[in-house]
Amino acid sequence: MVPEKLPSWLQTYTNKISSLELFGGNCANHVLVNEYNPGEGIMVSERYTEYIDVITGHIVAHCSVFILQPHEDGPLYYPTVTTISLGSHTLLDFYLPLNRQLSDEEDQVPRTEEQRHVLSLLLEPRSLFILREDLYKNYLHGIRPLCQDTLDHKVANLEQCTARVEETLPRRTRVSLTIRLVPKVLKTTLFLGKKK
Ligand SMILES: O=C(O)CCC(=O)C(=O)O
Ligand SMILES: [Fe+2]
């Protein structure tokens, strides 16, 4: 990763979250901004392909295939990822990974996504969500492409929220700021063609 300066408004939130000592005394240095319209879920880049000019060795084109699926955030940001939700709530769903089934001797039949769904968390607007420990390491997460959410008993944090079980919440446009620490960054800076 090549470092770039964050816009000052984002640096403010990054500093605030880092002051909670979530990143082992370091300051978070990576922010992913996602916008979800009602009906949209998380799109995950499944395959990133680069096309390289065989003579010069330069990348001439690249493309990613984006699909909707539960995913893990992987080792790059481990052990902590934080998310600020703005504008709308969403439901973040947690799933058992497919490979966890194989250890269970009675049940070698692949389960559907619905059967692997363990719990959801209601992320309210202006809330901070901290993903770490068991939920980071042992579960996949995803956001379903829905226009509204009916809260059921699988929503595990309703006691901490203002919403109630069986309530239906229409989704509005949500912007999420996923703030995390990438420990290894290049020492060089990226100049995007701006002359001083
Ligand atoms: O938008 C969110 O709340 C989660 C996004 C996410 O899981 C990701 O980008 O890896
Ligand atoms: Fe994620």
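The figures here come from the full heavy-atom set of this structure, side chains too, leaving out hydrogens, waters and symmetry mates. All of these numbers come straight from a predicted model, not from anything done at the bench. Atoms within each ligand, like the ligands themselves, are counted from 1 in listed order.
A salt bridge links Glu114 with Arg144: at least one charged nitrogen is closer than 4.0 Å to a carboxylate oxygen.
No side-chain N or O of Gln11 forms a donor-acceptor pair with one of Thr14 less than 3.5 Å apart. Side-chain contact, Thr162 with Glu124: a donor N or O sits under 3.5 Å from an acceptor N or O.
Among the atoms of Glu72, none of the N, O or S atoms falls under 2.8 Å from the Fe ion (ligand 2).
Ligand 1 has no N or O atom lying under 3.5 Å from any N or O atom of Arg180, backbone or side chain. At a 3.5 angstrom cut-off on N or O pairs, Ser176 counts as close to ligand 1.
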Report task. Give the C-alpha distance, both sets of side-chain angles, the deciding distance and a yes or no for side chain to side chain contact (heavy atoms under 4.5 Å, CB included) between Asp73 and His71. Result -> CA-CA 7 Å; Asp73 284 355; His71 65 281; 3.2 Å; yes

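His141 contributes atom NE2 as its closest N/O/S atom to the Fe ion (ligand 2). The Fe ion (ligand 2) is closest to atom OD1 of Asp73 (considering only N, O or S atoms).
Residue pairs satisfying the side-chain hydrogen bond (donor to acceptor under 3.5 Å, both in side chains) criterion with at least one member in residues 79-91, sequence neighbours excluded, are listed as follows: Ser85-Arg174, His89-Asp149.
In Leu92, neither the side chain nor the backbone holds a heavy atom less than 4.0 Å from any atom of ligand 1. Here Val81 has no heavy atoms under 4.0 Å from ligand 1, in either its backbone or its side chain.
Within ligand 1, the atoms closer than 4.0 Å to a non-hydrogen atom of Arg174 are 1 (O), 2 (C), 3 (O), numbered from 1 in the order shown. Less than 4.0 angstrom separates some heavy atom of Thr83 from each of these atoms of ligand 1: 3 (O). Against a heavy-atom cut-off of under 4.0 Å, His141 is close to the following atoms of ligand 1: 7 (O). Residue Tyr36 approaches ligand 1 through these ligand atoms, each under 4.0 Å from one of its heavy atoms: 1 (O), 2 (C), 4 (C), 5 (C). Taking every heavy atom of Leu32 and a limit of under 4.0 angstrom, the matching atoms of ligand 1 come to 9 (O).
Partner of Leu91 under the side chain to side chain contact (heavy atoms under 4.5 Å, CB included) criterion, chosen from Leu121, Thr150, Leu151: Leu151.
Scanning all protein heavy atoms for the shortest distance to atom 8 (C) of ligand 1 gives His71 NE2, 3.8 Å.
The CZ atom of Arg180 sits 10.0 Å away from atom CG of Leu131, with the distance rounded to the nearest 0.5 Å.
Using cut-offs of 30° and 60° on the angle between ring planes, the pair His30 and Tyr77 is tilted.
The shortest side-chain heavy-atom distance between Ile84 and Ile179 falls under the 4.5 Å cut-off.
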